[in-house]
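Scroll down for the structure; my scribbles are underneath it.
These values consider heavy atoms only, across backbone and side chains, with no hydrogens, waters or symmetry-generated copies. Indexing begins at 1, ligand by ligand and atom by atom, following the structure's order.
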Amino acid sequence: MLNIILFGPPGAGKGTQAIKLSEKYGLVHISTGDLLRAEVKAETELGKAAKSLMDKGILVSDEIVTGMIDSKISKSLSGKGFIFDGFPRTLPQAESLDNILSKYSLAITITLALEVEEEELYKRISLRGKISGRVDDQDRNTFLKRMQVYNAETSPLKSFYKNKGILVLLNGAGSIEDIFNSLSREIDKKL
Ligand code: AMP
């Protein structure tokens, strides 16, 4: 199986690229943000609890997201693999992901980290906010909060994957096609 983590700050293009890559390589795309937004839309108890945190740019608890991931993985074990988008975001989540995968004798093949300047991220997020209507994309302070959370809790995971020898850093500035091609080149090396 080919199991990819698409890593990067908010607005780096993870969602867009994950959709394209899942189509190209036949992978199951798992976005914890999308799963949570579906819960919010369906007004489930989980969705109600998550909404106010998400709107403020604060992370939902590790237990909630790892539970969702485990259930998604267990349903697609006969596929070609997974592409994780927006997960893991904390060290406990990264450790849980390893544990969940190893339960099924699986492991992460590669972590692809997109790097983009903060001002460019803000431009992309505010543009997306106009189209998607996402509350967390429409306010500069919420963007700054999300960057703070990313820098404090998520960015350190790069060392976690670097130590495992599976981290690849990529420039996430440029056209969608150019970035897609550089991501594909790195994945092809693993096939
Ligand atoms: P995203 O669509 O990935 O930008 O996620 C939107 C929001 O959902 C985040 O700001 C968090 O509030 C929540 N969220 C998504 N993924 C996670 C995760 N792995 N851990 C905790 N919270 C998450």
Starting from [atom], find the nearest protein heavy-atom neighbour and note its residue, name and distance.
atom                    : value
atom 14 (N) of ligand 1 : L36 CD1, 3.5 Å
atom 11 (C) of ligand 1 : I58 O, 3.6 Å
atom 20 (N) of ligand 1 : Q93 NE2, 2.9 Å

May I ask you to test the F160-E95 pair for a side-chain heavy-atom distance under 4.5 Å?
yes
Under 3.5 Å between some N or O of ligand 1 and some N or O of [X]?
X   : answer
T32 : yes
F87 : no
R37 : yes
V60 : yes

For the [atom1] atom of [X] and the [atom2] atom of [Y], what is their distance to the nearest 0.5 Å?
X    : Y    : atom1 : atom2 : answer
I4   : D85  : CD1   : CG    : 12.0 Å
L35  : M68  : CG    : CE    : 4.5 Å
I5   : T111 : CD1   : OG1   : 4.0 Å
I100 : Q93  : CD1   : CD    : 9.5 Å

Under 4.0 Å from a heavy atom of [X]: give me the atoms of ligand 1 that qualify, with their elements.
X    : value
R134 : 1 (P), 2 (O), 4 (O), 6 (C)
G86  : 16 (N), 17 (C), 18 (C), 19 (N)
R146 : 4 (O)
G33  : 2 (O), 5 (O), 15 (C), 16 (N)

Exercise: identify the closest heavy-atom pair between A94 and L157
CB-CD2, 3.9 Å
So which of K51, R89, M54 gets nearest to atom 1 (P) of ligand 1, if we judge by its closest heavy atom?
R89
Check contact between K56 and ligand 1, using heavy atoms of the residue and a distance below 4.0 angstrom.
no
One thing to verify: whether R185 and D188 come together as a salt bridge, which I'm taking to mean a side-chain N less than 4.0 angstrom from a carboxylate O.
no
Could you check whether E39 and T44, counting side-chain N and O atoms only, form a donor-acceptor pair closer than 3.5 Å?
yes
Polar side-chain atom of K14 near backbone of G8 as donor-acceptor pair, under 3.5 Å:
yes
